[in-house]
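Computed from a predicted model, the values in this text were never measured in an experiment. Heads up: numbering here begins at 1 and tracks the sequence.
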Amino acid sequence: MGLHRSFALDSKAERIDALAAKRKNVIASDQMVEGHYPIFADRAHGAHFWDVDGNKYLDFFLSYGTVILGHADPDVDEAVVREIRRGFATGLMKPIQTELIEELLEIVPGAEMGMLLKTGSDATAAAVRLSRAFTGRDRVVRWGYNGWHDWCAQWDHGIPAVSRALVDTFTYNDLDSLRAVFERHPGQIACLVMMPFMVERPAPGFLEGVRELTREHGTLLVFDEIRSGFRLALGGAQEHYGVTADLVTLSKAFANGYAISALTGRADVLRTLDTVHISSTYYANADAMAAALATVRKLRSGDHLRRIRQLGERLQRELGALVAESGAPIEVVGHPQMPFLDFGFGDEERNQQAKRSFYAATIAEGVFLHPNHHWFISAATTDDDIDTAVRAVRCGLKALAADGWLDEGPARQKEHGAL
């Protein structure tokens, strides 16, 4: 599988494009297998994309989960083209804005009001600012990946210490660790912003306990459903787990890849926008609103999400059987719609070494599985695609065996911390 053009374009981009130059270091957990994975895509359709060297891939990356219906979905794209031809950037509101928010209020549990923005970071940052204004408090508690702004960025560099000092976190599925944060800062916490889950699922009663603690302390609960909204269920993790937050952020699968996000929730909190500055010239652009409305209506009218869940369940079941047969210290984890493999070969360095063997083999089979991020299934994925993915994972396990990763006995694995 040749990648010469992709690498040549990357070399050029790193000299002139600051984002391209930093691509490998933006998020430590976001790395692929250098030298084996394509860098530049040429086109995409359905459940596949093609790189600039002409290689075709079965896509379980799906632009970090933004694509839910499949690449270049005709219904979504045609809705966008219609809006573009009508003039989508007038600076005034267009009727589709109200239509889309009405649709959201019918779907999202607890949503009494909504506002449309562009990115996930926009939505979480708006939730924090409104929460601070509404409560008159400054402190924030957060968990998960919530964006790149000062209060949640992965790296400290470039962020004033005073900003970091106002933010705390806690251990997922550990209510005592969260309770300790509230006890350290009584009456000071404006909001708790958290993903309902990442890979690990919430323990029974955990999300309910979080909800109870925030109410007890007068703190707003914000569910960051950028990844889980419109994927785990139409109403997201709130619907799936039956726990309702005060505010909810949405993006990604919301518009099948188009750039739009939303903040929904309690009307009394959202009306605080009257006294808070949150604004962008592009928030009123209607092209992505057309994409979101078409995506949501298509999801509501069909059984796409049920089919995605079923395919994910089948994939996890068959991968579990393969892993068990191989004896590899790998666990099939995550929700069926967002599956993943958790490597347990020892410390992080050894896990990454094992992943290089495994994922170099799977990508060579034309299956794009991210080594360090959720995988995703789209409505365009088929049963044949699941067969292809299973065959690729079988090749990955054979590569681990060939490279000696499956030959270590229990004593050697214990030595390396794998047991």
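Between the side chain of Lys355 and the main chain of Pro371, a donor-acceptor pair closer than 3.5 Å is present. Side-chain N or O atoms of Arg137 include one that pairs as donor or acceptor with a backbone N or O of Ile189 at under 3.5 Å. In this structure, the side chain of Asn173 engages the main chain of Arg201 through a donor-acceptor pair within 3.5 Å. With Asp42 contributing its side chain and Asp53 its backbone, the two residues share no donor-acceptor pair below 3.5 Å. A distance-only check finds a donor-acceptor pair linking the side chain of Arg211 to the backbone of Thr244 [under 3.5 Å]. Within the 3.5 Å criterion, the main-chain N or O of Gly65 finds no donor-acceptor partner in the side chain of Ser63. Listed for the Gln238 side chain is a donor-acceptor partner under 3.5 Å among the backbone atoms of Pro109. Between the side chain of Thr388 and the backbone N or O of Asp384, at least one donor-acceptor pair lies under 3.5 Å. Glu208 places no side-chain N or O within donor-acceptor distance of the main-chain N or O of Val243, the cut-off being under 3.5 Å. Remark: the backbone N or O of Asn146 is paired with a side-chain donor or acceptor of Thr124 at under 3.5 angstrom.
Between Asp287 and Arg86, no side-chain nitrogen of the basic residue sits less than 4.0 Å from a carboxylate oxygen of the acidic one, so the salt-bridge criterion is not met. A salt bridge links Lys94 with Glu83; the closest basic N to acidic carboxylate O contact falls under 4.0 Å. Between Asp138 and Arg132, none of the side-chain N atoms (NZ, or NE/NH1/NH2) sits under 4.0 Å from a carboxylate O, so this pair counts as no salt bridge. With respect to the salt-bridge test (charged N to carboxylate O, under 4.0 angstrom), the residues Arg317 and Glu313 do not qualify. The residues Asp383 and Arg314 are annotated as salt-bridged, a charged nitrogen and a carboxylate oxygen being separated by less than 4.0 angstrom. Taking the charged nitrogens against the carboxylate oxygens, Asp268 and Arg271 have no contact shorter than 4.0 Å, which rules out a salt bridge. Taking the charged nitrogens against the carboxylate oxygens, Glu365 and Arg391 have no contact shorter than 4.0 Å, which rules out a salt bridge.
The heavy-atom pair separating Ala255 from Ala288 by the smallest distance is CB-O, 4.3 Å. Across all non-hydrogen atoms, the minimal contact from Pro196 to Tyr172 is O-OH, 2.5 Å. Nearest heavy atoms, Val269 versus Leu130: O-CD2, 4.2 Å. Considering all non-hydrogen atoms of both residues, Gly334 and Gln316 come closest at O-NE2, 2.9 Å. The shortest non-hydrogen separation linking Leu104 to Ala262 is CD1-CB, 3.8 Å.
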* Going through the checks in order, is the side-chain contact (heavy atoms from CB on, under 4.5 Å) test met by Arg297 and Glu99? -> CA-CA 11 Å; Arg297 286 179 173 171; Glu99 285 183 69; 3.4 Å; yes

* Please walk me through it: do Arg179 and Asp176 pass salt bridge (Lys or Arg N to Asp or Glu O under 4.0 Å)? -> CA-CA 5 Å; Arg179 188 175 290 108; Asp176 287 339; 2.7 Å; yes

* Worked check of side chain to side chain donor-acceptor pair (under 3.5 Å) between Asp385 and Thr382 -> CA-CA 5 Å; Asp385 293 334; Thr382 66; 3.1 Å; yes

* Could you give me the CA-CA distance, side-chain angles and deciding distance for Glu34 and Arg356, then say whether salt bridge (Lys or Arg N to Asp or Glu O under 4.0 Å) is met? => CA-CA 9 Å; Glu34 191 170 1; Arg356 280 192 283 274; over 6 Å; no

* Just do the side-chain contact (heavy atoms from CB on, under 4.5 Å) check on Asn55 and Leu3 with the steps written out, would you? => CA-CA 8 Å; Asn55 301 304; Leu3 297 171; 3.8 Å; yes

* Should Trp151 and Val193 be marked as a side-chain contact (heavy atoms from CB on, under 4.5 Å) after you check the CA-CA gap, both sets of side-chain angles, and the distance that decides it? -> CA-CA 11 Å; Trp151 62 277; Val193 184; 4.0 Å; yes

* Can you list the steps and then say if Ile39 with Leu9 is a side-chain contact (heavy atoms from CB on, under 4.5 Å)? -> CA-CA 8 Å; Ile39 300 166; Leu9 286 171; over 6 Å; no

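Residues passing the side chain to side chain contact (heavy atoms under 4.5 Å, CB included) test with Ala127 are Val222, Leu247, Thr249, Leu263, sequence neighbours excluded. Partners of Glu102 according to the side chain to side chain contact (heavy atoms under 4.5 Å, CB included) rule, which considers only residues two or more places apart in sequence or in another chain, are Thr98. Trp148 is linked by a side chain to side chain contact (heavy atoms under 4.5 Å, CB included) to Ser121, counting only residues two or more places apart in sequence or in another chain. The ring-ring contact (aromatic ring centres under 6.0 Å, His included) test applied to Phe134 returns no partner, not counting sequence neighbours. Residues passing the side chain to side chain contact (heavy atoms under 4.5 Å, CB included) test with Lys56, sequence neighbours excluded: His48, Trp50.
The structure places CG of Asp150 at 4.5 Å from OG of Ser163, a figure rounded to the nearest 0.5 Å. We find the CG-CG distance between Leu69 and Asn256 to be 4.5 Å, quoted to the nearest 0.5 Å. Here Asp59 contributes atom CG and Ser378 contributes atom OG; the two are 8.0 Å apart, rounded to the nearest 0.5 Å. Distance check: Lys398 NZ to Leu322 CG gives 10.0 Å after rounding to the nearest 0.5 Å. Distance CZ/Phe182 to OG1/Thr219: 4.0 Å, rounded to 0.5 Å. Distance CG/Leu250 to CD1/Ile260: 10.5 Å, rounded to 0.5 Å.
Looking only at side-chain heavy atoms (C-beta outward), His373 and Phe340 stay at 4.5 Å or farther from each other. Between Ser251 and Thr119, every side-chain heavy-atom pair lies at or beyond the 4.5 Å cut-off. In this structure, Arg142 and Val167 have side chains that are in contact, with non-hydrogen atoms separated by less than 4.5 Å. Contact annotation: the side chain of Arg307 never approaches that of Leu305 to less than 4.5 Å [non-hydrogen atoms, C-beta and beyond].
With a 6.0 Å radius and a threshold of 12 heavy atoms from other residues, nucleotides or ligands, Lys298 has its NZ atom above the threshold. Atom CZ of Arg129 has 12 or fewer heavy atoms from other residues, nucleotides or ligands within 6.0 Å.
Taking the six-membered ring for Trp and the full ring otherwise, Phe49 and Phe61 have centroids separated by 6.0 Å or more. Ring to ring, Tyr64 and Phe376 are not that close: their centroids are 6.0 angstrom or more apart. For Phe368 and Tyr37, the ring centers sit closer than 6.0 Å to each other. Annotation: His335 is in aromatic contact with Phe197 [ring centroid separation under 6.0 Å].
Ring planes of Tyr359 and Trp375: perpendicular class, angle over 60° (limits at 30 and 60°).
Pairs of residues two or more places apart, or lying in two chains, never qualify as salt bridge (charged side-chain N to carboxylate O under 4.0 Å, His left out) while including a residue from residues 212-236.
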